[in-house]
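Worksheet for the structure shown next.
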Amino acid sequence: RNFTGNIRFYLFMRKNHKIRFNCAQLTFTALTVNFTKDRLGSKMASSLQKLFLMGLNSRISCCNYISARYGHHLRGKPPGLARTIQDRLDELDKTDPEIDFKVDIGFPAETQSRSEVLKKRLETTKVNKNNPELEKLARTRQLLLDLDEVQNEWLYTEGPTHIKTIADHYGVYQDLFGDAYFMPRVPLKVSFGDLPVYYGNMIKPSEAKWKPNIFYKTNNESLWTLILTNPDGHLTKQNSEYVHWFIGNIPGNNIEKGEIIVDYLQPFPPKGTGYHRFVFILYKQDKHIDFSSLTKSGKWYLHLF
């Protein structure tokens, strides 16, 4: 008789060209096989029926869709239909733009005319092109650049934007200020002896035994507060931090004349806790601040301990 049926099956080609069938289930939805009433068609139908029904358990009623690509089995939907990693991250980090937005708490940007910047740049380019000695050194690969001058120019041009991007990458703003941020307008130079502190370099605790050297440019009439904090160092509370250095009412850039609220504490990351972020933050004060309640003799300090 005619053998007509819809059979859904999956083929896997091996290196020796043998065919293996995944017969976890038969469903009559995908492929239609039609045979005639002749003897050849009847034999083919009988062979296919034995092949597909061989070893099948009658209790199996569900199908596992298993595909293969380059010899590897894939789970779930194929790449064209499955969600990407970015789609899943967007679902986890759903934000409401009316509620979740960043607030700038830093100094306002210095307004500088674009035409003036362009004019200055063109003048510098013109002077350099008309300098034969400079051209000769450049062609012979003997031109030397002052790296300190290059760094200073970067700090006052593109540096603040780059530093903010690095701080966002390491989660500094999110863990310390929440939805607030600021542009680092005042370049801060920190070094432990001859070891400079950059924006994400690794320093061993043994290299930070003593308090670091701090330098920044400002006038002598201004007041500042310097804090060194560790957002990863609290051992008992989450979303808390340890203050390793706290100096307030600093006149100008003279750290030694500032009021010490918390003396310098050497970093002590416990074994197995991974890398710890130590962040230097420089605040500008509008006026003199009374920090007596935060010192060792203050009520806040006595209540804490």
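Sequential numbering from 1 along the given sequence is applied to the chain's residues.
To the nearest 0.5 Å, atom CD of residue Glu123 and atom CG of residue Leu118 are 10.0 Å apart. Interatomic distance, Glu153 CD to Gln151 CD, rounded to the nearest 0.5 Å: 12.0 Å. Between atom CD1 of residue Ile247 and atom CD1 of residue Ile227 there is a gap of 10.5 Å, rounded to the nearest 0.5 Å. Remark: Phe182 CZ to Phe107 CZ distance equals 9.5 Å, nearest 0.5 Å. With values rounded to the nearest 0.5 angstrom, Ser240 atom OG is found 11.5 Å from Asn230 atom CG. Atom CD of Glu207 and atom CE of Met202 lie 10.5 Å apart (nearest 0.5 Å).
Looking at heavy atoms from C-beta onward, Lys217 lies out of side-chain contact with Asn253 at the 4.5 angstrom threshold. Between Ile255 and Ile250 there is a side-chain heavy-atom pair separated by less than 4.5 Å. Residues Leu223 and His288 are in side-chain contact: their nearest non-hydrogen atoms beyond the backbone lie under 4.5 Å apart. By the 4.5 Å heavy-atom criterion applied to side chains, Thr229 and Phe280 are not counted as neighbours. Residues Ile289 and Asn249 are in side-chain contact: their nearest non-hydrogen atoms beyond the backbone lie under 4.5 Å apart. Looking at Val279 and Leu176, their side chains come closer than 4.5 Å, going by heavy atoms from C-beta outward. You'll find the side chain of Leu235 reaches within 4.5 Å of the side chain of Pro270, heavy atoms only.
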Considering only distance and modelled atom types, tabulate donor-acceptor pairs under 3.5 Å from the side chains of residues 135-148, sequence neighbours left out.
unit_1, atom_1, unit_2, atom_2, d
Glu135, OE2, Arg139, NE, 3.1
Glu135, OE2, Arg139, NH2, 3.3
Thr140, OG1, Lys136, O, 2.8
Thr140, OG1, Leu137, O, 3.3
Asp146, OD1, Asp148, N, 3.2

Side chains of residues 159-170: which donor-acceptor partners sit under 3.5 Å, not counting sequence neighbours?
unit_1, atom_1, unit_2, atom_2, d
His162, ND1, Trp154, NE1, 2.9
Lys164, NZ, Asp168, OD2, 2.9
Thr165, OG1, Thr161, O, 2.9

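Side-chain atoms of Ser222 do not come within 3.5 Å of backbone N or O of Thr218 as any donor-acceptor pair. The backbone N or O of Pro269 lies less than 3.5 Å from no partner atom in the side chain of Thr273, so there is not a single donor-acceptor pair. Without hydrogens or angle criteria, Asn128 side chain to Thr125 main chain gives no donor-acceptor distance under 3.5 Å. Distance alone, capped at 3.5 Å, places no donor-acceptor pair between the Asp179 side chain and the Lys102 backbone. Judged purely by atom type and a 3.5 angstrom limit, Thr84 uses its side chain to pair as donor or acceptor with the backbone of Asp87.
Heavy atoms only, all atoms of each residue included: Pro205 and Pro267 are closest at CB-O, 3.6 Å. Smallest separation of non-hydrogen atoms from Tyr173 and Ala180: CB-O, 3.9 Å. Closest heavy-atom contact between Pro231 and Arg277: CD-O, 3.0 Å.
Note on Met183 and Tyr199: separate hydrophobic clusters, where clusters join Ile, Leu, Val, Met, Phe, Trp and Tyr whose side-chain heavy atoms are under 4.5 Å apart, directly or indirectly. Cluster membership for Leu265 and Leu228, using ILVMFWY side-chain heavy atoms within less than 4.5 angstrom, is not shared. Connection of Leu155 to Val117 is not established within any shared hydrophobic cluster, with ILVMFWY side chains joined at heavy-atom distances below 4.5 Å, either directly or through further cluster members. Both Leu226 and Phe192 belong to a single network of hydrophobic side chains, linked directly or stepwise wherever heavy atoms of I, L, V, M, F, W or Y lie under 4.5 Å apart. Taken together through direct or relayed side-chain contacts under 4.5 Å among Ile, Leu, Val, Met, Phe, Trp and Tyr, Leu282 and Ile261 form parts of separate hydrophobic clusters.
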#### Entry: side chain to side chain donor-acceptor pair (under 3.5 Å) between Gln266 and Lys211, intermediate numbers included
CA-CA 8 Å; Gln266 177 190 358; Lys211 61 182 180 180; over 6 Å; no

#### Entry: Chi angles and distances behind the side chain to side chain contact (heavy atoms under 4.5 Å, CB included) call for Val197, Ile203
CA-CA 8 Å; Val197 176; Ile203 297 178; 3.7 Å; yes

### Task
Could you give me the CA-CA distance, side-chain angles and deciding distance for Ile281 and Phe177, then say whether side chain to side chain contact (heavy atoms under 4.5 Å, CB included) is met?
CA-CA 12 Å; Ile281 309 173; Phe177 304 100; 4.0 Å; yes

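Environment of NZ in Lys204: sparse, with no more than 12 heavy atoms of neighbouring residues, nucleotides or ligands closer than 6.0 Å. Counting heavy-atom neighbours within 6.0 Å of Glu91 CD, excluding the residue itself, gives a total above 12. Other residues, nucleotides and ligands contribute more than 12 heavy atoms inside 6.0 Å of the CG atom of Leu122. Under a cut-off of 6.0 angstrom, the local environment of CG in Asn239 is sparse, with at most 12 non-hydrogen atoms contributed by other residues, nucleotides or ligands. In this structure, Asp286 places its CG atom where only 12 or fewer heavy-atom neighbours from other residues, nucleotides or ligands lie under 6.0 Å away.
Applying the ring pair (Phe, Tyr, Trp, His ring centres under 6.0 Å) test to residues at least two apart or on different chains, the pairs with a partner in residues 224-253 are Tyr216-Trp224, His234-Tyr242, His244-Phe268, His244-Phe278, Trp245-Tyr264, Phe246-Phe291.
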